[in-house]
Number of protein chains: 2
Amino acid sequence: MNQECSCENCELKELFFHNISSNEMMSLCNSRIERNYEKGDYINEQNKPIEDFTYLKSGLVKLFVTNNTGKEQILYFAKPFDFVSLLSVFSHSTYSYSVMCIEESTTCNIPIKEVKRLINENGKFAMGILEKMSTVSDNVIKESLEIRRRNLRGRVAYVLLHFADNIYKNPSFELPINRKEIAEYIGMTTENVIRALTEFRKDGIIKIFGKVIEIVQYDTLKQISEHG
Amino acid sequence: MNQECSCENCELKELFFHNISSNEMMSLCNSRIERNYEKGDYINEQNKPIEDFTYLKSGLVKLFVTNNTGKEQILYFAKPFDFVSLLSVFSHSTYSYSVMCIEESTTCNIPIKEVKRLINENGKFAMGILEKMSTVSDNVIKESLEIRRRNLRGRVAYVLLHFADNIYKNPSFELPINRKEIAEYIGMTTENVIRALTEFRKDGIIKIFGKVIEIVQYDTLKQISEHG
DNA sequence: ATCAGTTTATGATATATATCAACTTGCAAA
DNA sequence: TTTGCAAGTTGATATATATCATAAACTGAT
């Protein structure tokens with residue numbers, strides 16, 4: 001009965017499930033489901049019941065809320081190794097935020113009950129989850145403060161650098177979102193986001209080919225991000 | 001050897017330490033320290049090492065960051081039963097945020113090592129901490145989104161209602177912070193916060209006696225908070 | 001290839017907010 | 001009491017951002 005769990009080779013295993021026994025691993029493995037999503041698909045939807053503990057294996061997603069005026073506010077972009085359905089999972093029975101793919105993505109889903117059971121039984125596992133959750137929420141909060149203290153130009157610069165440095169690790173990249181979504185993320189209007197981008201382009205700081213952005217003068221953009 | 005732990009009668013015990021044995025309780029009790037703070041005292045300081053797990057027994061505190069331009073941004077007001085040194089405790093070795101008393105306060109401090117040890121040993125305890133942490137970070141994030149989508153008047157109205165409804169549970173209350181701090185919380189200038197308050201006063205929506213605020217037309221203020 | 005709808009872009013103008021300056025009030029220390 | 005400093009207030013003005021209108025560019029479906 002020396003069964004192999006397909007999770008054994010999962011690169012995320014180390015990250016999430018260190019400190020669990022092979023029995024526990026087996027149990028999780030049996031109840032997990034992998035799901036594929038296209039750009040634009042909802043992974044989680046605000047106010048819907050939380051059923052799974054979801055993590056991102058590949059792709060890119062946005063977390064956002066739809067407020068009662070119908071407008072969307074983006075609070076975070078998550079890439080693999082970030083938790084996805086982590087915020088509010090342990091305090092609410094429904095999702096506080098929607099999660100939508102902005103690139104083709106794959107998730108691994110485990111019934112939240114299973115995860116909770118394991119936490120209750122295994123403190124070391126719980127500690128790993130605590131650390132991850134602390135990291136994610138800290139990042140979300142810190143990012144919102146960083147954005148809040150900047151003006152339009154600084155915010156747009158910040159977003160571009162965020163994608164270049166943290167998401168794609170490359171000064172040129174294809175934006176996975178449109179101008180409106182940038183606006184929803186930084187709390188400005190679409191028109192003004194476009195104007196800032198155009199300004200940067202005219203100043204030779206960036207090049208724009210539709211959704212493809214190339215950061216030409218990295219240091220100048222950094223400067224703008226830091227000091228407006 | 002039927003020792004009594006003074007924590008036995010602590011009203012916070014139920015909240016934080018359900019599901020731990022009396023032995024574990026005893027151990028925590030022996031390592032805990034209670035501290036008193038005056039208004040203006042730092043409980044935790046940004047970038048200083050995290051040594052204790054701190055919770056607020058009484059009083060009121062503000063969480064804030066000092067950014068590299070020297071300006072302060074307030075991210076949350078915490079009252080008893082909220083965790084205080086919860087954010088970033090499990091992901092960083094130093095505080096990401098400062099915590100300062102805005103009213104005379106008492107904290108109970110437990111060495112963070114002790115808490116971590118207990119989490120590792122006791123999954124049920126860990127689950128309680130996870131739930132609390134999820135609640136707090138969810139609140140911080142949700143609040144920042146709520147503030148972000150409002151204009152000046154809406155933000156000021158929101159803050160007043162926040163103190164009346166959530167903190168003091170009374171339509172008239174003494175503001176524990178000055179106008180500048182309101183501004184740091186809602187991301188506007190002090191002058192404009194004052195102007196909004198004056199406007200509300202002139203419209204008969206609130207009364208102002210220095211730091212004492214009395215909400216006269218609650219529904220109107222609510223309206224302003226919702227729709228600018 | 002054409003059409004319709006969305007996204008991107010630009011300009012003119014209105015509105016909201018910040019900045020600067022001056023002044024008042026409150027408060028605590030000498 | 002006086003003094004000095006921080007907090008609160010108000011007005012004038014500058015600046016930043018939103019709104020509205022229009023149009024070009026792009027995209028997907030027929």
Side-chain angles (χ1 to χ4, degrees), chain A residues 38-40 62 67 69-74 100 102 147-160 174-203 206-214 224-225 227-228, chain B residues 38-40 62 67 69-74 100 102 147-160 174-203 206-214 224-225 227-228:
Chain A
E38 297 299 316
K39 182 170 181 149
K62 66 170 178 178
N67 63 44
T69 72
K71 290 198 174 159
E72 293 181 1
Q73 293 179 280
I74 294 175
M100 182 184 278
I102 56 177
I147 289 173
R148 205 164 96 181
R149 71 184 178 87
R150 290 166 162 80
N151 63 8
L152 172 67
R153 285 164 51 89
R155 289 182 191 189
V156 173
Y158 181 87
V159 176
L160 296 180
E174 181 173 347
L175 266 178
I177 53 173
N178 62 27
R179 313 295 195 248
K180 180 155 166 277
E181 286 169 304
I182 297 179
E184 286 166 354
Y185 180 51
I186 66 173
M188 297 273 161
T189 57
T190 308
E191 292 97 319
N192 280 330
V193 168
I194 291 168
R195 270 184 264 265
L197 287 171
T198 305
E199 230 178 282
F200 294 163
R201 177 175 55 71
K202 285 184 179 164
D203 292 345
I206 61 172
K207 286 183 183 168
I208 304 177
F209 314 95
K211 288 222 190 306
V212 175
I213 304 282
E214 185 188 330
I224 293 167
S225 168
H227 310 103
Chain B
E38 298 299 315
K39 181 168 183 153
K62 66 171 179 178
N67 63 44
T69 71
K71 289 198 177 161
E72 292 181 2
Q73 293 179 279
I74 295 175
M100 182 185 277
I102 55 177
I147 288 173
R148 205 164 94 180
R149 71 184 177 85
R150 290 167 160 80
N151 64 9
L152 172 68
R153 284 164 53 87
R155 289 181 191 191
V156 174
Y158 181 86
V159 176
L160 295 181
E174 180 172 346
L175 266 177
I177 54 173
N178 62 28
R179 313 297 197 247
K180 180 155 167 275
E181 288 170 302
I182 298 179
E184 286 166 355
Y185 181 51
I186 67 173
M188 297 272 162
T189 56
T190 308
E191 293 96 321
N192 280 331
V193 168
I194 291 169
R195 269 184 264 266
L197 287 172
T198 305
E199 230 178 283
F200 294 163
R201 178 175 54 73
K202 284 184 179 164
D203 292 347
I206 61 171
K207 286 183 183 167
I208 304 178
F209 315 96
K211 289 223 187 309
V212 175
I213 303 282
E214 186 188 330
I224 293 168
S225 168
H227 311 103

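Chain letters run A, B, ... following the sequence lines, proteins first, then strands; residues in each count from 1.
- The CD1 atom of B:I208 sits 6 Å away from the P atom of D:dT9 (whole-angstrom rounding).
- For the atom pair B:K202 NZ and B:L197 CG, the distance stands at 12.0 Å (nearest 0.5 Å).
- Within a 6.0 Å sphere centred on NZ of A:K71, other residues, nucleotides and ligands contribute 12 heavy atoms or fewer.
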If a pair means Watson-Crick or G-U wobble with both distances below 3.5 Å, what does DNA chain D look like in dot-bracket form, with | marking bases paired to a different strand? ||||||||||||||||||||||||||||||
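- Among the protein residues, A:T190 comes within range of no part of the nucleic acid, since none of its heavy atoms lies under 4.0 Å from any strand.
- Following rounding to the nearest Å, B:E191 (CD) and D:dA6 (C1') show an atom-to-atom distance of 14 Å.
- Scanning all heavy atoms of the two residues, the minimum distance from B:R148 to A:I74 falls at NH2-O, 3.2 Å.
- Among the heavy atoms of the strands lying under 4.0 Å from B:I194 is at least one base atom, whether or not backbone atoms are also near.
- From B:E199, atom CD reaches atom CD1 of B:I194 across 13.5 Å, with rounding to the nearest 0.5 Å.
- Contact annotation for B:N192: base contact, defined as any heavy-atom pair under 4.0 Å involving a base atom.
- Considering only side-chain N and O atoms, B:R195 lies nowhere under 4.0 angstrom from the phosphate OP1 or OP2 of D:dT10.
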In a table with atom names and distances, give each donor-acceptor pair under 3.5 Å that connects a side chain of residues 180-188 of chain B to protein atoms at least two apart or in another chain.
{"from": "B:E181", "atom 1": "OE1", "to": "B:N178", "atom 2": "N", "distance (Å)": "3.0"}
{"from": "B:E181", "atom 1": "OE2", "to": "B:K62", "atom 2": "NZ", "distance (Å)": "2.7"}
{"from": "B:Y185", "atom 1": "OH", "to": "B:E143", "atom 2": "OE1", "distance (Å)": "2.5"}

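- A nucleotide of DNA chain C counts as in contact with chain A when one of its atoms lies under 4.0 Å from a heavy atom; the first and last such, 5' to 3', are C:dT7 to C:dA12.
- Put simply, CG on B:N178 is 14 Å from C1' on D:dC5, counting in whole angstrom units.
- One atom, NZ of B:K211, and another, C1' of D:dA7, lie 7 Å apart when rounded to the nearest Å.
- In this structure a side-chain-to-backbone donor-acceptor pair under 3.5 Å is present from A:R155 to A:R150.
- Among the nucleotides D:dT10, D:dT19, D:dG8, the one closest to the side chain of A:T189 is D:dT19.
- In this structure, A:I177 CD1 and A:I102 CD1 are separated by 6.0 Å, a value rounded to the nearest 0.5 Å.
- Looking at heavy atoms from C-beta onward, B:I208 lies in side-chain contact with B:I213 at the 4.5 angstrom threshold.
- Within the 4.5 Å cutoff, no side-chain heavy atoms of A:R153 are placed close to those of A:V156.
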